[in-house]
K.L.:
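Mind having a look at this structure? Questions to follow.
Please read these numbers as outputs of a predicted model, since none were measured by experiment.
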Amino acid sequence: MDKNKFLSPLERYLEAKRENKDLYMDTFEIETLLNYLEDNDNLMYYEEIVKLGLKLHPGNFYMRLKEARYFMLIEEYPKALRYLAMLRHEDPYNEDIELYSIECHCRLGNLKEVARHLNRLEKEDDPVLEEALECACSAMNDDGYFDSALEWLVKAFNMFPDNLFLHHELCFALESTTDFPTAVKICEEHLNSMPYDYKIWFILGRLYAQLDEYEKAIEAFDFAETSKEPNAELKVLRAYCLYMNGSYERAINEYEELLDDDDSKYIVAPLLAECYFQQEQFDRAYRLLSDLVKNDSDLRADANIYISYIQSCFLTDNNKEGMAVIQTAKNLFKDNIHFLCFLAGIALEEKDEASLLAYIKHLSFCIFRPDAKSEDNANALLALSKKLARTNRYSNLAWNLNSMAIQIHPFPQTESSSSEMLDKILLNSGSNFPGDIQPFEKMGGINRIDANVKRLFNEGFREKDIPTSLKENHIKMSATAFIKPINLAYDFINDKNNCN
């Protein structure tokens, strides 16, 4: 009996590749195989299988269409559009060409071209319109064009009110534009007719969490769990809500269940450590973080984990180890905004003005880095700004840090916090900033971003400008003296992929 008869197309291809044999596959088999690879985010063999298809079936329309799709998958959208334009001449009414073209224009930010395609399909009452709206709105949401996505989603919602995919995209777009009340209302209306929609319960829980309605968020996550086996993201968010609600023991139980999940433990560890801190279980936090960092052979531990680890060292009188971890972390995260804010907080506590100013100087350069724009970084800057605002001496630095936060992530939460912060700064400083200390203005702060600052940034910050050590006997730490790592949970809440 021919054993190949029972092999999948991928297994047949890999076996022929291993044995260096020629393999024949018809177009249907090749299309099926390529669709399988795409659905499983496995592009390892995609290009060579497309080439095999073109070799076995030269000139075949569908093999050439798959070649265009390959260019999309590797994000060569202009090239994909050129291929699609040529194929359109052969089949002007091909639905895949229409959908692929719309997606390419979305990815390139050609929103006027997307609108032209969608308006034409709507005018012609084309049956592909519904799928085209799904494609366009999903791509616009993925790439952050939330206002444009909302415009089309509102129209799509009226045209196809029973389309669950568009419903989910609408809720996500509303969430991303911080219109939480409207998103909540739509989710609740949807659940009246479909009470077992796991994804909507999940989104609703995220919305309530961002509205600080943690009891309702927990309830929504619990309902989601009755509809489907919960994934790690749901458990992380529910534990976060339990933590914020003061239910530390329940949060600890939830987090500890996730430590065995290799993909989740690096997210969970600092959150769990924070729960231990709140319960004054400092030894448990230290053992958790120490084991995680010491066994981190592939360097997956981020700055948040190191910050929590350093805290736990000093809270358990492992001061020497804590100093060593600071030095290690300085090398690993020398441009990390969150970690620099942490070090600046230490310098402020110890009245080490030289180190404080050096860290803030470095922060003024780091905010221009491509990876600087994030809510977590903005919150870290705001937390440090609040500490500085409590002192008359550094009120001007607080003002500048606050401006940095708005620059790297101008979201409503930050603007609201900024307003409260500015009131506090003015209150503390008597409406006049102290005139005896202006180092930040001299070094080119946020209010004086001129050519010299940009030149310095492009040349890189000199390592000798940053203090390379902190005196051990000057460090006195407490759990409340640091930026808490719970902002990690916001990454989950704001990431659309975590509801899929």
K.L.:
I want to check a possible cation-pi pair here: Arg69 against Tyr100, using under 6.0 Å from ring centre and within 45° of the ring axis as the test.
P.N.:
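Pair Arg69/Tyr100 counts as cation-pi.
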K.L.:
For the residue pair Leu111 and Met140, establish whether any side-chain heavy-atom pair is separated by less than 4.5 Å.
P.N.:
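Yes - at least one pair of side-chain heavy atoms lies under 4.5 Å apart.
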K.L.:
When you check the side-chain N and O atoms of His168 and Asp197, is any donor under 3.5 Å from an acceptor?
P.N.:
yes
K.L.:
Mind listing the closest non-hydrogen atom pair of Tyr77 and Met72 along with its distance?
P.N.:
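So the two residues come closest at CE2-O, 3.5 Å.
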K.L.:
Are a donor atom and an acceptor atom from the side chains of Glu48 and Tyr13 found within less than 3.5 Å of each other?
P.N.:
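Yes, side-chain donor-acceptor contact under 3.5 Å.
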K.L.:
Any side-chain heavy-atom pair from Leu129 and Glu124 closer than 4.5 angstrom?
P.N.:
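Of all side-chain heavy-atom pairs linking Glu124 with Leu129, none is under 4.5 Å.
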K.L.:
Decide, yes or no, whether a salt bridge links Arg120 with Asp126 under the criterion of side-chain N to carboxylate O below 4.0 Å.
P.N.:
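Asp126 and Arg120: not salt-bridged.
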K.L.:
Can you find a pair of side-chain heavy atoms, one from Phe221 and one from Ile218, that are under 4.5 Å apart?
P.N.:
no
K.L.:
Under a 4.0 Å N-O cut-off, is there an ion pair linking Arg250 with Glu254?
P.N.:
no
K.L.:
Would you check if the side chain of Asn35 reaches a backbone N or O of Glu31 as a donor-acceptor pair within less than 3.5 Å?
P.N.:
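Pair found, side chain donor or acceptor close to backbone of Glu31.
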K.L.:
Does the salt bridge (Lys or Arg N to Asp or Glu O under 4.0 Å) test come out yes or no for Glu67 and Lys79, once each step is laid out?
P.N.:
CA-CA 10 Å; Glu67 187 175 23; Lys79 192 171 185 178; over 6 Å; no
K.L.:
Just checking, is any N or O donor in the side chain of Asn304 or His338 under 3.5 Å from an acceptor N or O on the other one?
P.N.:
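Asn304 vs His338: donor-acceptor pair found between side chains.
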K.L.:
Going by the angle between their ring planes, with limits at 30° and 60°, are His105 and His117 parallel, tilted or perpendicular?
P.N.:
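Aromatic pair His105/His117 classed tilted.
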K.L.:
Check Ala285 against Phe277 and note the closest heavy-atom contact, atom names and distance.
P.N.:
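Distance-wise, the nearest heavy atoms are CB-CE2, 3.6 Å.
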K.L.:
Look at the side chain of Ser308 and the backbone N and O of Ile305, then say whether any donor-acceptor pair between them is shorter than 3.5 Å.
P.N.:
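Such a contact is absent between Ser308 side chain and Ile305 backbone.
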K.L.:
Would Glu151 and Lys155 satisfy salt bridge (Lys or Arg N to Asp or Glu O under 4.0 Å), going step by step from the backbone distance to the final call?
P.N.:
CA-CA 7 Å; Glu151 181 182 343; Lys155 293 177 68 174; over 6 Å; no
K.L.:
Closest approach of Ala372 and Asn377, non-hydrogen atoms and distance?
P.N.:
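Nearest pair, atom of Ala372 first, then Asn377: O-ND2, 2.9 Å.
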K.L.:
Between Asn245 and Tyr243, is there a side-chain donor-acceptor contact under 3.5 Å, judged purely by atom types and distance?
P.N.:
no
K.L.:
Do Asn231 and Tyr198 come within less than 4.5 Å of each other through their side chains, counting heavy atoms only?
P.N.:
yes
K.L.:
Go through the side-chain N and O atoms of Asn42 and Tyr36 and say whether any donor and acceptor fall under 3.5 Å apart.
P.N.:
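There is no such pair between these side chains.
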K.L.:
Treating Asp296 as the side-chain partner and Ala301 as the backbone partner, does any N or O pair qualify as donor plus acceptor under 3.5 Å?
P.N.:
yes
K.L.:
Could you tell me which non-hydrogen atom of Cys171 sits nearest to which non-hydrogen atom of Ala183, and how far apart they are?
P.N.:
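Minimum heavy-atom separation between Cys171 and Ala183: O-CB, 4.0 Å.
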K.L.:
How close do Ala209 and Tyr214 get, counting heavy atoms only, and between which atoms?
P.N.:
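Smallest heavy-atom distance, with atoms named: O-CE2, 3.6 Å.
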K.L.:
State, without any angle test, whether Ser403 and Asn400 hold a side-chain donor-acceptor pair at a distance under 3.5 Å.
P.N.:
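On atom types as modelled, these side chains do not qualify, holding no pair under 3.5 Å.
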K.L.:
Using only atom types and a distance under 3.5 Å, with no angle test, would you say the side chain of Asn119 pairs donor to acceptor with the backbone of Ala115?
P.N.:
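Pair found, side chain donor or acceptor close to backbone of Ala115.
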K.L.:
As a quick check of understanding, evaluate salt bridge (Lys or Arg N to Asp or Glu O under 4.0 Å) for Lys265 and Asp260, giving each step before the final call.
P.N.:
CA-CA 7 Å; Lys265 66 182 180 182; Asp260 293 333; over 6 Å; no
K.L.:
Any non-hydrogen side-chain atom of Phe342 less than 4.5 Å from a side-chain atom of Tyr306?
P.N.:
no
K.L.:
So, do Met194 and Ile200 sit near enough that their side-chain heavy atoms are less than 4.5 Å apart?
P.N.:
no
K.L.:
Can we say Asp142 and Arg107 salt-bridge, meaning some charged N sits less than 4.0 Å from an Asp/Glu carboxylate O?
P.N.:
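Judged by the 4.0 Å cut-off on N to carboxylate O distance, Asp142 and Arg107 do form a salt bridge.
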K.L.:
Step by step, would you call Lys235 with Glu225 a salt bridge (Lys or Arg N to Asp or Glu O under 4.0 Å)?
P.N.:
CA-CA 9 Å; Lys235 291 182 177 180; Glu225 191 172 15; over 6 Å; no
K.L.:
Output yes when a side-chain donor or acceptor of Asn295 lies under 3.5 Å from a complementary backbone atom of Asp291, and no otherwise.
P.N.:
yes
K.L.:
Return yes if a side-chain donor-acceptor contact under 3.5 Å exists between Lys66 and Asn60, otherwise no.
P.N.:
no
K.L.:
Looking at Tyr62, Tyr24, Phe28, which one forms a ring-ring contact (aromatic ring centres under 6.0 Å, His included) with His57?
P.N.:
Tyr24
K.L.:
Is there a donor-acceptor pair closer than 3.5 Å between any side-chain N or O of Arg300 and the backbone N or O of Tyr266?
P.N.:
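No, because the side chain of Arg300 does not come within donor-acceptor range (under 3.5 Å) of the backbone of Tyr266.
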K.L.:
How far apart are the closest heavy atoms of Cys135 and Glu103, and which atoms are they?
P.N.:
SG-CB, 3.7 Å
K.L.:
Of the options Leu84, Val114, Leu87, which is the one that meets Ser101 in a side chain to side chain contact (heavy atoms under 4.5 Å, CB included)?
P.N.:
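Exactly one option meets the side chain to side chain contact (heavy atoms under 4.5 Å, CB included) with Ser101, and it is Leu84.
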K.L.:
Can you tell if the side chain of Cys366 reaches within under 4.5 Å of the side chain of Arg369, non-hydrogen atoms only?
P.N.:
yes
